Amino acid sequence: MTTPRLRVGVIGAGIGAMHLKGYAHNPDVEIVALAGLDDERVRRAAAEFHVPKTYRHYEELLADERIEAVSVCLPNFLHAPVAIAALEAGKHVLVEKPLARNTAEGRAMAAAAAASGKVLMIAFNRRFRQDVLWLKRHIASGALGEIYYAKAFWMRRSGIPRLGSWFVNKAQAGGGPLVDLGVHVLDMALYLLGEPRVRAVSASTYAVFGPRGLKGWEGRVAYGDVGFTFDVEDLATAMIRLEGGATLHLEASWATHSSAADDFGVTLYGSEGGAELFVHNYATQNTLRLFTDLDGVPADTAVFLNSAEERLGIIDRFVDAVLGRGPADPGVAEGLQRTAVLEACYASAAAGRELPLDEG
Ligand SMILES: NC(=O)c1ccc[n+]([C@@H]2O[C@H](COP(=O)([O-])OP(=O)(O)OC[C@H]3O[C@@H](n4cnc5c(N)ncnc54)[C@H](O)[C@@H]3O)[C@@H](O)[C@H]2O)c1
C-alpha cells in the first residue's frame, strides 16, 4: 500500500519554477497545478516539471479542492492577500520572502494562520545552504565564544532586478534591495546569532542609479513590466542594536560603483573565534573561513562544503511541517520580526536618527 502524497500547487512562475523543482524532488509530494498570468513562462515551467494542470488567476488554483498546500511566489504586494485567501481555503502556505510589505500585513497573515490551524512558513531558503547549517552547528558548539559584532551584506555592482517592473515600485514591492536582498542576510544573521531581540535601528537609504535608469539587470524577467517609476532605494545601510549589547551591521544594494559582483554573506566576530561566510556570484563551494588563535598564533581554517541545491532544503522543511514530521520553521514569527526590523529601518532613514524597536 502506498501512502497518499501531499498535493501541492504553486502560484507564480518566476521563482515559482524553483519551488516546482523542489517539490518534484520530494517523494512525498504530488504536484497538482501551477498558476500564473504570464502564459509562456507558465507553459515552460509546467512542461519542465510535468505539472498536469495550469491556471491563470490564483483564485482558480485556490478553488481546486484537491490542493492541500500552496507556494505563494508572487510580487510582494500579493503575499498577504493570497496567503490569507489560501489559509481561509484550508491550504497550508509557503510564502516567498519578504513575508509582506509591512507589519500590518504580516500580522494579518499571522492571525489568518492561527485561525486556520494550517502551516504558514516563509521561504528563507538561503539559511538552508550547507555552509550556513554547518556554521550554525559550529556556533552551537561554543567555538566562537560570545559573538559581539556581526555584519550581514548583499551587494551588487549592477543588478537592479528590472527597471520598470514591480520590484522598483514601493507600493508593489514595499521597498528596494533592503526587502529584496537584505531580508535574506538579515534572516541568516539573526538565525546564526540565535534569534536575539532587536532593540534599535539606525539606517540610511539612497537612490543613486535607479532614478537615472542605470544599472538595471539585463535579461532579468519580471511580471508586469508596466514602466513603474523608480521610487525605492538602491542602497540601504543599517546599524542594528541587539539585546545583550551585540551590534549587527546590515547593508544591501542592487547597484554600486564597487568591486562587488553579486556578493552576499555574514561575518561574525566572537570572543574565541570569527567566521566569514562570503558567497561570490552564488558560489556553492569555498565560501566559509574561520579565524582563531592556535597556541597564541593567528590561524585560519577553510571549510569545504557543497551548498548546491540549497533551495531543496526549504521545500523539504515545509513538506515535513505539513506532514507533522518537523517544525514549521522559519515561520511567521521570524518573517514578521524581519519585516518589523526593515520597517523600522525605513522609518529611521526617513527620520534621520536611531529608532527603538519594541520587541517586548
Ligand atoms: N527566495 C529567493 O531566493 C527569491 C528569488 C527571487 C524572487 N523571490 C521572491 O519571489 C516573489 C516573486 O518573485 P519573482 O522573481 O518570481 O517575480 P516575477 O515578477 O518574475 O514573477 C511573478 C509571477 O507572479 C505571477 N502573478 C502575478 N499576479 C498574479 C495573479 N494575480 N495570479 C496569478 N499569478 C500572478 C506572474 O504571472 C509571474 O509568474 C517575490 O516575493 C520575490 O521577493 C525570492
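Computed from a predicted model, the values in this text were never measured in an experiment. First listed ligand is number 1; within each ligand, the first listed atom is number 1.
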Engineer: Below the 3.5 angstrom mark, is there an N/O of P98, backbone or side chain, next to an N/O of ligand 1?
Structural biologist: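 Not met; the criterion fails.
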
Engineer: Just go through R41, E96, Q172 and tell me whose heavy atom is the nearest to atom 18 (P) of ligand 1.
Structural biologist: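 Of the listed residues, R41 has the closest heavy atom.
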
Engineer: Below 30° counts as parallel, above 60° as perpendicular, anything between as tilted: where do the rings of H184 and W154 land?
Structural biologist: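 Tilted.
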
Engineer: Does the side chain of N306 reach to within under 4.5 Å of the side chain of Q285, using non-hydrogen atoms?
Structural biologist: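 A side-chain contact exists here, since the closest heavy-atom pair is under 4.5 Å.
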
Engineer: Checking the N or O distance criterion of under 3.5 Å, is ligand 1 in contact with R311?
Structural biologist: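 Yes - when backbone and side-chain N and O of R311 are compared with those of ligand 1, one distance drops under 3.5 Å.
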
Engineer: Measuring from non-hydrogen atoms of M18 to any atom of ligand 1, is the shortest distance under 4.0 Å?
Structural biologist: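 Not so, M18 does not reach ligand 1.
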
Engineer: I need the atoms of ligand 1 closer than 4.0 Å to a non-hydrogen atom of H184, numbered in the order shown.
Structural biologist: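 So the atoms of ligand 1 that pass are 1 (N), 2 (C), 3 (O).
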
Engineer: May I ask you to test the H280-F264 pair for a side-chain heavy-atom distance under 4.5 Å?
Structural biologist: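 No, side chains not in contact.
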
Engineer: If we ignore angles and hydrogens, is there a donor and acceptor under 3.5 Å between the side chains of H92 and S116?
Structural biologist: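 Note: H92 and S116 side chains miss the donor-acceptor criterion.
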
Engineer: Which atoms of ligand 1 are found less than 4.0 Å from any heavy atom of C73?
Structural biologist: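 Those of ligand 1 that fall under 4.0 Å from C73 are 12 (C), 23 (C), 24 (O).
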
Engineer: Using the side chain to side chain contact (heavy atoms under 4.5 Å, CB included) rule, take F230 and F167 through it: C-alpha gap first, then chi angles, then the decisive distance, then the call.
Structural biologist: CA-CA 9 Å; F230 190 102; F167 274 102; over 6 Å; no

Engineer: With heavy atoms only and a cut-off of under 4.0 Å, state how I15 meets ligand 1: side chain, backbone, both or neither.
Structural biologist: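 The answer is both.
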
Engineer: With respect to W254, which candidate in V168, L235, D262 satisfies the side chain to side chain contact (heavy atoms under 4.5 Å, CB included) definition?
Structural biologist: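 It is V168; the other options fail the test.
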
Engineer: Would you say A13 and ligand 1 have an N/O pair spaced under 3.5 Å apart?
Structural biologist: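 Indeed, backbone or side chain, A13 has an N or O that close.
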
Engineer: Within ligand 1, which atoms have a heavy atom of R56 less than 4.0 Å away?
Structural biologist: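 In order of number, 32 (N), 33 (C).
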
Engineer: Do any heavy atoms of F167 fall under 4.0 Å from ligand 1?
Structural biologist: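 Yes, F167 has heavy atoms under 4.0 Å from ligand 1.
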
Engineer: Heavy atom of Y55 under 4.0 Å from ligand 1?
Structural biologist: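 It does not; every heavy atom stays at 4.0 Å or beyond.
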
Engineer: Does ligand 1 have a heavy atom under 4.0 Å from the side chain of L78, from its backbone, from both, or from neither?
Structural biologist: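 L78 to ligand 1: side-chain contact only, backbone stays beyond 4.0 Å.
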
Engineer: Ignoring angles and geometry beyond distance, decide whether P75 reaches within less than 3.5 Å of ligand 1 through its nitrogen or oxygen atoms.
Structural biologist: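 Not met; the criterion fails.
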
Engineer: Going by distance only, is there an N or O of G16 that falls short of 3.5 Å from an N or O of ligand 1?
Structural biologist: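 G16 vs ligand 1: no N/O contact under 3.5 Å.
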
Engineer: Thinking salt bridges, do D28 and R5 make one under a 4.0 Å N-O criterion?
Structural biologist: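 No salt bridge links D28 with R5.
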
Engineer: Between E233 and Y346, is any side-chain donor less than 3.5 angstrom from a side-chain acceptor?
Structural biologist: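 Yes, because at least one side-chain N or O of E233 sits under 3.5 Å from a partner of the opposite role on Y346.
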
Engineer: Checking side chain to side chain contact (heavy atoms under 4.5 Å, CB included) between T237 and each of S202, C345, S204, which is the one that passes?
Structural biologist: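 With T237 as partner, S202, C345, S204 yield a single side chain to side chain contact (heavy atoms under 4.5 Å, CB included), made by S204.
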
